[in-house]
Amino acid sequence: MKKRVSFVLALLVMLAAGCGRAAATRYQAQFLQLFDTVTTIVGYADTEAQFREISDQIRKQLEQYHQLYDIYHDYEGVNNIKTINDNAGIAPVAVDQRIIDLLLFARDIHGQTGGKVNVAMGSVLSLWHDYREAGTEDPAEAELPPMELLQGAAGHTSIEAVLIDEEASTVYLTDPAMSLDVGAMAKGYAVEQIARQLESEGVQSLLLSVGGNVRAIGGKILNQDNQEFYWTIGIQNPDKTSDQAELFALMIEGLSVVSSGVYERYYTVNDIRYHHIIDPETLMPAGRFAQVTLICPDSGLADALSTYIFSLPAEEGQRLIESMDGVEACWVDSEGTVLYSSGFQDYIKEK
Amino acid sequence: MKFAGKRDIVIIAILVLAAILSWVLYTDILGKKGTYAEIYYRSERVKTVALTPGREESFSIPQEPDVVFRLYEDGSIAFVRSDCPDQVCVHSGKLSLAGQQAACLPNLVYVKIVSDKADPDAPDLYI
């Protein structure tokens, strides 16, 4: 009889646990002030205070990276990328180790991509930036930057002219007409560094997104039994006129997903759209794709690669992705045709 | 001794039924309410709009009258006008799925789509 009672009791406990297990609550925080985009943090925690503690810590760290990697603004007591640009041809600038590390990473990427991802292209990108802003503000007067101006600027984009002195922790641009623009990788790189820091501190589950740069720490842990589930990342349809808002959803654990599209940051000149991803060879917006999505463990690499394969012909991009371990990609061309690398579809959630 | 007697089986059956019933009640009746757009200004939630299909109207928030939203008949919402220099908010297009978000950064206006349907399969985030 005793056994029977305990059996029924055990069953009761199991059922109660099944219905009302102390499931962690989903929390989400977002900030608008960093990296000129929306930062989102998603996590499951027992209390809001627990989640707040970690999201505040991330915000503080991201803010430091944002200030260091900013090319448009000055911050009191901070030497940042803008300070380096302002001192081009004048003097080396003493900078934080996080700037040195980013620029060493950028030099690496420059080598790996045959110069197609080049942080020294600031002179060209700033021309496009200025014409785009002016043309968005006053569409009737929108113009393209004149090719001779672009070509003139392209003469001042040599990565060799970026002198990094690791020992002195200084950076010096030897060409006074050049400038750095780290937009193609700074967000992803910062996200990766922060995620690694959190992982080393024992954080097991979190989703961090800065703009289109998503980095998952572990899977999502909904219950106290530490069982992990995949994070699901929806990829939006680049065709904003379509009834189908979602292209597909990706299921990831501890990986990064980066999606680059041309449908948000663009301006129109004579009824033609000109977006913000500039091909370093033609000095014009890369015209082949509407969207490129990358999956790989390192968010910095994913960010840089997404920019790179945006300006590569599909076959060349596919060859590159297939040659890299643990990297998958998906291309959507301007007609809406979707192309996948060999392992990409394994991450797509079945409907 | 038998593994479980008749009385136990009845108790188990009742418990299982009760569990199923409460689960159905929870997900079907309490869980299905709908999808909403939450609008934030300077990180404060200032408006929540039900994304109910069939209704079409434009509105703005008092804190930022130069940013105009439109609710569409298909149950979606979009930024349709803003005085910002980049128009990224307007280019973001219609939003309708829980987890989608868009922002007008220069004006510090942010909208996210939320749902109180208990759907564990919905994406955690859209990019």
Side-chain angles (χ1 to χ4, degrees), chain A residues 1 3-5 7-8 11-12 14-16 18-20 26 28-33 36-38 40 42 132-134 136-137 139 207 209 211-214 216 220 222 229-237 239-243 245-246 249-250 257-259 261 263-267 293 349, chain B residues 1-5 7-12 14-16 18-23 26 38 40-43 74 76 78 83-114 119-127:
Chain A
M1 184 65 193
K3 253 191 190 163
R4 255 193 243 167
V5 170
F7 174 77
V8 173
L11 206 80
L12 252 177
M14 273 162 62
L15 278 173
C19 295
R26 180 187 200 273
Q28 180 174 330
Q30 55 272 325
F31 332 121
L32 304 188
Q33 296 84 353
D36 194 23
T37 188
V38 180
T40 314
V42 180
R132 188 172 61 241
E133 287 230 318
T136 314
E137 201 139 9
L207 195 63
S209 165
N213 284 262
V214 173
K220 53 182 172 186
L222 309 176
F229 298 85
Y230 290 107
W231 294 104
T232 309
I233 313 299
I235 304 297
Q236 297 185 86
N237 191 343
D239 178 5
K240 295 290 172 195
T241 60
S242 164
D243 289 339
E246 177 188 293
L250 299 171
V257 179
V258 173
S259 198
Y263 37 88
E264 285 181 351
R265 216 170 279 272
Y266 65 83
Y267 74 124
T293 304
K349 186 175 183 203
Chain B
M1 184 179 277
K2 274 196 284 180
F3 177 62
R7 216 173 32 174
D8 296 323
I9 290 169
V10 170
I11 292 173
I12 292 165
I14 290 172
L15 284 171
V16 169
I20 291 171
L21 196 71
S22 58
W23 183 75
Y26 177 75
E38 291 184 348
Y40 292 76
Y41 176 72
R42 290 184 180 271
S43 304
D74 60 1
S76 63
D83 60 350
C84 64
D86 58 23
Q87 300 291 302
V88 167
C89 55
V90 175
H91 298 164
S92 300
K94 290 178 174 183
L95 311 170
S96 58
L97 306 171
Q100 280 189 301
Q101 55 185 356
C104 182
L105 297 175
N107 286 311
L108 297 171
V109 179
Y110 165 80
V111 55
K112 77 170 168 186
I113 312 302
V114 296
D119 182 5
D121 288 331
D124 295 288
L125 204 64
Y126 276 92
I127 57 170

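Here is how names work: the chains are called A, B, and so on, in the same order as the sequence lines, proteins then strands, and each is numbered from 1.
- Within the 4.5 angstrom heavy-atom criterion, no atom of A:F229 approaches chain B.
- Contact of A:R26 with chain B is made through the side chain alone, with heavy-atom distances under 4.5 Å.
- With a threshold of 4.5 angstrom between heavy atoms, A:I235 approaches chain B through its backbone and through its side chain.
- Both the backbone and the side chain of B:L125 come within contact range of chain A, each with at least one heavy atom under 4.5 Å from a heavy atom of that chain.
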Determine whether A:V38 and B:L105 satisfy the following criterion, side-chain contact (heavy atoms from CB on, under 4.5 Å), listing intermediate values before the conclusion.
CA-CA 8 Å; A:V38 180; B:L105 297 175; 4.3 Å; yes
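- Heavy atoms of B:V109 lying under 4.5 Å from chain A belong exclusively to its backbone.
- In this structure, CD1 on A:I233 lies 6.5 Å from CD1 on B:I127, to the nearest 0.5 angstrom.
- With a 4.5 Å cut-off on non-hydrogen atoms, A:N213 does not touch chain B at all.
- The minimum heavy-atom distance linking B:L97 with B:I113 is given by the pair O-CB, 3.3 Å.
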Go through it in stages, so that I can follow the logic: the residues are A:Q30 and B:Y40, the test is side-chain contact (heavy atoms from CB on, under 4.5 Å), and I'd like the CA-CA distance, side-chain angles, deciding distance and then a yes or no.
CA-CA 10 Å; A:Q30 55 272 325; B:Y40 292 76; 4.2 Å; yes
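- Rounding to the nearest 0.5 Å places OH of B:Y126 at 6.0 Å from CD of B:Q100.
- Of the atoms belonging to A:T40, it is side-chain heavy atoms, and not backbone ones, that fall under 4.5 Å from chain B.
- Within the 3.5 Å criterion, the main-chain N or O of B:K94 finds no donor-acceptor partner in the side chain of B:S92.
- Taking A:Q236, A:E137, A:Q33 one by one and counting their heavy-atom pairs under 4.5 Å with chain B, the maximum is reached by A:Q236.
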